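A short worksheet on the structure shown next.
Computed from a predicted model, the values in this text were never measured in an experiment. Letters A, B, ... mirror the listed sequences (proteins, then strands); counts begin at 1.
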2 protein chains.
Amino acid sequence: MRFDRELLKGTTETFLLAALAGMPCHGYQLVEQLKRRSDGIFELGEGTIYPLLYKLEARGWIKGQWDADTGRRRRRVYRITPRGRRQLAQRARQWEELVRGMTLILKGAAHA
Amino acid sequence: MRFDRELLKGTTETFLLAALAGMPCHGYQLVEQLKRRSDGIFELGEGTIYPLLYKLEARGWIKGQWDADTGRRRRRVYRITPRGRRQLAQRARQWEELVRGMTLILKGAAHA
DNA sequence: GTTTGATACCTCGTATAACATAGTATACAC
DNA sequence: GTGTATACTATGTTATACGAGGTATCAAAC
């Protein structure tokens, strides 16, 4: 889906962590996974995914490892770390609150 | 509530339009209204509200009018326009999709 | 055997949004 | 005449999603 330019800001890190909490992925695969598991709603480009992965790794929330499998294009598989899981939990709480706030305001507007 | 810096991006315009769809407000009052009607979740500062109001007005989604009431500090009351309502409807749809996508990904992570 | 397409990663520039901060001005109570 | 709540204005900072470009590998098709 095509969102207004700014709507995804602040949420991408969260759903990326969540996706990796579900299963380890390499970058290219993440794009697919996110699209598939979100029913086509999240379609990130590579220019979004890779810088994001580097940042999350730099913060210690995920850890990448080069896949040793030969006979393939080399690829880096990322796993969520314990710190990443804590971060995810915190982000998820904030997300729930945001949804609650939005629901209150949007519902209020509906019957006004 | 205190959100991570980027989480609100793209949502503020939406809930501001929604609040004005509920009732006309002037800027200072909007800060209060949003806080009250969102159960304390949205606490915008004036440095956020006013520039936002100017932008939305420039785009024709809201219309401000100086309150003629004497014996008061002059204040500018904003109303949502028909174009603003259409914009709000479109934003609300995008928001629903975002929530749906996030739910799918976050739920997926939970039982993985 | 070389072209094509899918896979996989990387890098830079740009736009823009939320917020903090600081400032101005009015009304009213005491 | 001081203090407090109301009300609006203006500027600078920081972070981010994304587009657009690039490199490299492998399998299948022709």
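What separates CZ of A/F42 from P of D/dA17 is a distance of 12 Å, to the nearest Å. Protein atom CZ of A/R74 is 6 Å distant from nucleotide atom C1' of C/dC9, rounded to whole Å. Rounded to whole angstrom, the span from the NZ atom of B/K9 across to the P atom of D/dC18 amounts to 13 Å. B/D67 has its CG atom 14 Å from the C1' atom of C/dT26, to the nearest Å. Spacing between atom CD of B/E43 and atom C1' of C/dA20 amounts to 15 Å, rounded to whole angstrom units. Between A/E46 atom CD and C/dT7 atom C1' the separation is 9 Å, expressed in whole Å. A straight line from CZ of B/R76 to P of C/dA25 spans 19 Å, rounded to a whole angstrom. Whole-Å rounding puts the B/Q29 CD to D/dT6 C1' distance at 12 Å.
Note on ring orientation: taking the six-membered ring where Trp is involved, the planes of B/F42 and B/F3 are tilted (angle from 30° to 60°).
Applying the side-chain hydrogen bond (donor to acceptor under 3.5 Å, both in side chains) rule to A/R79 yields no partners; only residues at least two apart in sequence or on another chain are considered. For B/K63, the side-chain hydrogen bond (donor to acceptor under 3.5 Å, both in side chains) test picks out no residue, with sequence neighbours left out.
For the pairing with A/L16, the side chain to side chain contact (heavy atoms under 4.5 Å, CB included) check across A/T48, A/L88, A/T11, A/L56 returns one residue only, A/L56.
The CD1 atom of B/I41 sits 11.0 Å away from the CE atom of A/M102 when rounded to the nearest 0.5 Å.
In this structure the side chain of B/R59 reaches within 4.5 angstrom of the side chain of B/K55, judged on heavy atoms.
Within 3.5 Å, no donor on the side chain of A/R75 pairs with an acceptor on the base of C/dA8, nor the reverse.
You'll find that the side chain of B/H26 is closest to D/dA7, out of C/dC9, D/dA7, C/dA18. Which of C/dT26, D/dT16, C/dC19 sits closest to the side chain of B/E6 comes down to D/dT16. The side chain of B/R5 has D/dT13 as its nearest neighbour among D/dT13, C/dA17, C/dT16.
Looking at B/E32 and B/K35, no side-chain N of the basic residue comes within less than 4.0 Å of a carboxylate O on the acidic one, giving no salt bridge.
DNA chain D is contacted by B/G47, B/Y50, B/Y54 of residues 47-61 of chain B, taking any non-hydrogen atom closer than 4.0 Å.
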